[in-house]
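Nothing here was measured: the structure is a model prediction, and the numbers come from that model. Numbers here simply count residues along the sequence, with the first being 1.
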Amino acid sequence: YIANGTVENCKVVGGNIVASSVSDSLGGIVGYATDVVISDCTVENATISSKSQYVGGIVGQIKYTDGTNSITNCTVKNSNIISTSSGVGGIVGYTYGNSSGVITVKLCSVTGGSVSASYYVGGIMGQSFYADIIGCANYGASVTATTSTGYAGGILGYYNYGKCYS
């Protein structure tokens, strides 16, 4: 968990990142964040897995309370992000902003690997409220929702308020 901080230039190569509880948010770099700036981080050749919701290649869950929230220039390469629940994304699992504070995900990419969950699954972002996605890309990551009402997309699984553009 990180609040009101900055995470820069972090790198995870290989290994398994596993949540020990079904109530954990799980990320390759940060599990749960509020009012944080994350930039220039990379996750490569890793497996990130949980039975819980809110799982992401970089951050599991990011929430606005009263400060700046952004994820910029982060990459996930040849990694598998897996949950049996919801809100799972190649970069971020779940964003929760509001009309006073939009979360920005900018210039991030996912290359290869897979993103899989029951529902709300996205190559970049799984589930989102009040977020802007700018110039992000999915380069060949497989995205799978395992239920018939799963909401899955190459970029977004479920998106409510915000802008998505290149």
Side-chain angles (χ1 to χ4, degrees), residues 1-2 5-22 24-33 36-62 69-95 103-128 131-147 150-159 164-166:
Y1 172 75
I2 183 171
T6 301
V7 178
E8 295 178 314
N9 299 310
C10 294
K11 189 170 189 175
V12 172
V13 179
N16 294 311
I17 302 165
V18 180
S20 61
S21 165
V22 294
D24 293 338
S25 293
L26 180 67
I29 301 291
V30 177
Y32 179 78
V36 66
V37 174
I38 300 170
S39 63
D40 301 302
C41 293
T42 301
V43 173
E44 294 180 13
N45 303 315
T47 297
I48 302 163
S49 63
S50 176
K51 293 179 181 176
S52 179
Q53 59 185 359
Y54 311 149
V55 180
I58 298 295
V59 61
Q61 177 179 179
I62 187 168
N69 282 284
S70 65
I71 304 169
T72 306
N73 201 37
C74 292
T75 59
V76 175
K77 299 176 183 177
N78 302 315
S79 295
N80 299 307
I81 302 145
I82 306 157
S83 173
T84 57
S85 189
S86 65
V88 178
I91 297 294
V92 57
Y94 179 72
T95 64
I103 296 160
T104 302
V105 180
K106 183 176 181 180
L107 303 174
C108 294
S109 65
V110 176
T111 303
S114 66
V115 184
S116 175
S118 294
Y119 57 99
Y120 302 154
V121 189
I124 298 296
M125 186 180 296
Q127 182 178 6
S128 175
D132 289 342
I133 300 171
I134 304 163
C136 294
N138 173 352
Y139 299 109
S142 170
V143 178
T144 306
T146 59
T147 63
Y151 301 113
I155 299 293
L156 300 163
Y158 177 88
Y159 191 63
C164 181
Y165 54 94
S166 60

Roughly how far apart are I81 CD1 and I58 CD1, rounded to 0.5 Å?
8.5 Å
Between CD1 on residue I38 and SG on residue C74, distance to nearest 0.5 Å:
6.5 Å
Could you measure the distance from the CG atom of N9 to the OG1 atom of T42? Nearest 0.5 Å is fine.
8.5 Å
Option among V105, I133, L107 that satisfies the side-chain contact (heavy atoms from CB on, under 4.5 Å) test with I71:
V105
Give the table of side-chain donor-acceptor pairs shorter than 3.5 Å for residues 110-127, with sequence neighbours excluded, one pair per line with atom names and distance.
{"residue": "S114", "atom": "OG", "partner": "N80", "partner atom": "OD1", "Å": "2.7"}
{"residue": "S118", "atom": "OG", "partner": "T84", "partner atom": "O", "Å": "2.7"}

Nearest heavy-atom contact between C136 and I155 is O-CD1, 4.2 Å
Show me the pairs that pass salt bridge (charged side-chain N to carboxylate O under 4.0 Å, His left out) and involve residues 37-46, at least two apart or across chains.
K11-E44
As a quick check of understanding, evaluate side-chain contact (heavy atoms from CB on, under 4.5 Å) for V43 and I48, giving each step before the final call.
CA-CA 10 Å; V43 173; I48 302 163; 4.3 Å; yes
Contact between V12 and I29 at the side-chain level, heavy atoms closer than 4.5 Å - yes or no?
yes
When rounded to the nearest 0.5 angstrom, what distance separates OG1 in T95 from CD1 in I62?
8.0 Å
Partner set under salt bridge (charged side-chain N to carboxylate O under 4.0 Å, His left out) for K51, not counting sequence neighbours:
none
Could you work out, with side-chain contact (heavy atoms from CB on, under 4.5 Å) as the rule, every residue matching S50, not counting sequence neighbours?
A19, L26, S52, V55
Are more than 12 heavy atoms, taken from residues, nucleotides or ligands other than Y151, located less than 6.0 Å from that residue's OH atom?
no
Partners meeting ring pair (Phe, Tyr, Trp, His ring centres under 6.0 Å) with Y165 (sequence neighbours left out)
none
Note: N45 and S79 closest approach over all heavy atoms is N-OG, 3.2 Å
State, to 0.1 Å, how close G153 and V143 come at their nearest heavy-atom pair, and which atoms those are.
O-CG1, 3.5 Å
pair V7-V30: side-chain heavy atoms closer than 4.5 Å:
yes
Roughly how far, to the nearest 0.5 Å, is the CD1 atom of I91 from the CG atom of N138?
9.5 Å
In chain order, what residues pass the side-chain hydrogen bond (donor to acceptor under 3.5 Å, both in side chains) check against S70, with sequence neighbours excluded?
none
What is the distance from atom CG of N16 to atom CD1 of I82, rounded to the nearest 0.5 Å?
9.0 Å
